[in-house]
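For reference, positions follow the sequence shown, starting with 1. Just so you know, these numbers use all the heavy atoms, side chains as well, and skip hydrogens, waters and symmetry mates.
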Amino acid sequence: MSTQPPSAPVAEPPPAGWEEARSRVYAVGLAAALPSTPRPLAEADGHTLAEPLTTRTDLPAFPTSSVDGWAVRGGQPWRVVGRVLAGSTPAPLTSDGTTVEIATGAMVPEGTTAIVRIEHSARDPEGLVTGVPRPRPEWRLPGEEARAGEELVASGTPVDPALIGLAASCGQDTLQVRRPPRAALLVFGDELLTSGPPADGRVRDSLGPSVPSWLRRYGCQVRAADVVGPVADTLPAHVAALRSALGTADLVCTTGGTMHGPVDHLHPALEALGADHVVNTVAVRPGFPMLLARVTSDDGRVRFVAGLPGNPQSAVVALVSLVAPLLAGLQGRQLPVLPQVTLAEPVPGRGDYTHLALVRLDRATGTAYPVRHVGSAMLRGLAGADGFAVIPPGTSGAVGDRVRVVPLPLLPGERTW
């Protein structure tokens, strides 16, 4: 019989600081940024620019009238010698005392000395035009908006309808973009109900219906078929569900199982898949037992697993803390700079941990108010909040303090901070 003493349990590494975790996951996301591809303008919405947007020509490319009126040469009265409509190339005005009727957006004829607005003009019985042009020329000059080859929008910018319109005006037919990340969600927990009210020791799953919507607001594609669960509380079921989801998704989010309880199988499942931890627990309250792991396949493809705590508010803290910066990196976007607000009421600290405190924003005054019902398992406070005030470790938030805020993600077009 061996007389060796039993080996001591392996000590868990300390949790990563919240700032460090946020920076770390952004860096690994950026290192694994999704490949770029050209997309027609009509199919580029929701993607991310992989190259700067430049213009192929001066904007405008030629002098264009900004009003309906008369393009004149020399002094009045002016004899009408033609009409210029948008989309045509006019003959030059070669003689003083001549004019052509011109439409808004039409090319200004060479030789034009002024444009007289139609409402500021008159015609005499002989058909001659008179009027007083404004002191400032009523046409746009070539290059007034941009010069050919000029960078207009930086790489890493999300593509929206305004950017698509600008690209078209620049003469671009396609954009070099990164596609939206594909995400999946695995819901863990035999205690979860998927319909009806909680009862008999079982609680309603609130993350399965809500997390996909948060992910879409961060720019992900999530299909109904990509949401699976509740997954049985066994290690083989966890490994099989993760392996299947990782076959198509760039990011797999899981809910629950991030600790080391008797039915918490996420860590051994990740070990079975050969994953390495980027972050394993974060010094933040609520949401401490969150994690992000990286899985690299034989062909070098990198995918990620984000372990969200089972408590609903903690899961959202993990989304804003780890998933949001990871997705920014994967899409080649900048790590968003957090806005600042003034606290209208005090917010307690959480000792050595960062406190992410739910707040609502008074946009008229730029102040933030902490909300009630903010327990880790509660969602009532989250439903009335705009984001999380960041209270650094070892501090508390006093009335009048300027603090950073992690905004809750919005749909395109919704009002931002």
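Using a distance-only test at 3.5 Å, with no hydrogens or angles considered, a donor-acceptor pair links the side chain of Arg204 to the main chain of Gly196. Side-chain atoms of Arg372 do not come within 3.5 Å of backbone N or O of Gly381 as any donor-acceptor pair. Although no hydrogens or angles enter the test, the distance criterion places a donor-acceptor pair under 3.5 Å between the side chain of Ser65 and the main chain of Val67. A donor-acceptor pair under 3.5 Å is absent between the side-chain atoms of Asn311 and the main chain of Gln313, judged by distance alone. Side chain of Glu144 to main chain of Leu141: a donor-acceptor pair is present (N/O by atom type, distance under 3.5 Å, no hydrogens or angles). Using modelled atom types, one side-chain atom of Thr55 and one backbone atom of Thr57 make a donor-acceptor pair closer than 3.5 Å. Between the side chain of Asp58 and the main chain of Pro60, no donor-acceptor pair closer than 3.5 Å is present. The backbone N or O of Val72 sits less than 3.5 Å from a side-chain atom of Thr113, completing a donor-acceptor pair. Side-chain atoms of Ser88 do not come within 3.5 Å of backbone N or O of Val84 as any donor-acceptor pair. Between the side chain of His47 and the backbone N or O of Ala44, at least one donor-acceptor pair lies under 3.5 Å.
You'll find the side chain of Arg83 stays beyond 4.5 Å of the side chain of Val100, heavy atoms only. Within the 4.5 Å cutoff, the side chain of Val371 has no heavy atoms near those of the Tyr369 side chain. Contact of the Leu163 side chain with the Leu49 side chain is registered, since non-hydrogen atoms from C-beta on lie closer than 4.5 Å.
For His267, the ring pair (Phe, Tyr, Trp, His ring centres under 6.0 Å) partners are His260, His277, not counting sequence neighbours.
Considering every non-hydrogen atom in both Val80 and Arg123, the closest pair reads CG2-NH2, 3.6 Å. Here the shortest heavy-atom pairing between Ala50 and Ser36 reads CB-CB, 3.4 Å. In this structure, Gly219 and Gln331 approach most closely via the heavy-atom pair O-OE1, 4.0 Å. Here the shortest heavy-atom pairing between Val25 and Pro325 reads CG2-CG, 3.6 Å. The shortest non-hydrogen separation linking Pro309 to Pro289 is CG-O, 4.0 Å. Between Gly46 and Pro180, the shortest heavy-atom distance links the atoms O-CG, 3.6 Å.
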Output a table of donor-acceptor pairs, distance under 3.5 Å, between side-chain atoms of residues 164-175 and any protein atom two or more places apart or on a different chain; print 'none' if there are none.
from   : atom 1 : to     : atom 2 : distance (Å)
Ser169 : OG     : Leu166 : O      : 2.7
Gln172 : NE2    : Thr54  : O      : 2.8

Could you pull out all donor-acceptor pairs under 3.5 Å where a side-chain atom in residues 388-409 meets a protein atom, sequence neighbours excluded?
from   : atom 1 : to     : atom 2 : distance (Å)
Thr395 : OG1    : Pro392 : O      : 2.7
Asp401 : OD2    : Ala398 : N      : 2.8
Arg402 : NH1    : Thr342 : OG1    : 3.0
Arg404 : NH1    : Glu19  : OE2    : 3.4
Arg404 : NH2    : Glu19  : OE2    : 2.1

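Summarising the local packing, CZ of Arg56 is surrounded by 12 or fewer heavy atoms from other residues, nucleotides or ligands at distances under 6.0 Å.
No donor-acceptor contact under 3.5 angstrom links the side chains of Trp139 and Thr64, judged on distance only. Side-chain contact annotation: Ser121 with Trp70, donor-acceptor N/O pair under 3.5 Å present.
In this structure, the separation between CZ on Arg301 and CG on Leu246 is 8.0 Å, given to the nearest 0.5 Å. Rounded to the nearest 0.5 angstrom, Ile102 CD1 and Asp68 CG are separated by 9.5 Å. To the nearest 0.5 Å, the span separating CG on Leu292 from CG on Leu322 amounts to 6.0 Å. Remark: Glu51 CD to Gln176 CD distance equals 4.5 Å, nearest 0.5 Å. Separating the CZ atom in Arg140 from the CG atom in Leu59 is a distance of 7.5 Å, to the nearest 0.5 Å. One distance of note links CD of Gln221 with OG1 of Thr248; it measures 11.5 Å at 0.5 Å rounding.
Within the cation-pi definition used here (under 6.0 Å to the ring centroid, within 45° of the axis), Arg294 does not qualify as a partner of Phe304. For the pair Arg216 and Tyr218, the cation-pi test (distance below 6.0 Å, angle within 45°) is failed.
Ionic pairing of Arg79 and Asp96 is not present here: no N-O contact between side-chain nitrogen and carboxylate oxygen is shorter than 4.0 angstrom.
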Check your understanding: Yes or no on side-chain hydrogen bond (donor to acceptor under 3.5 Å, both in side chains) for Trp18 and Ser321, after CA distance, side-chain angles and deciding distance?
Key -> CA-CA 7 Å; Trp18 184 77; Ser321 299; 2.8 Å; yes
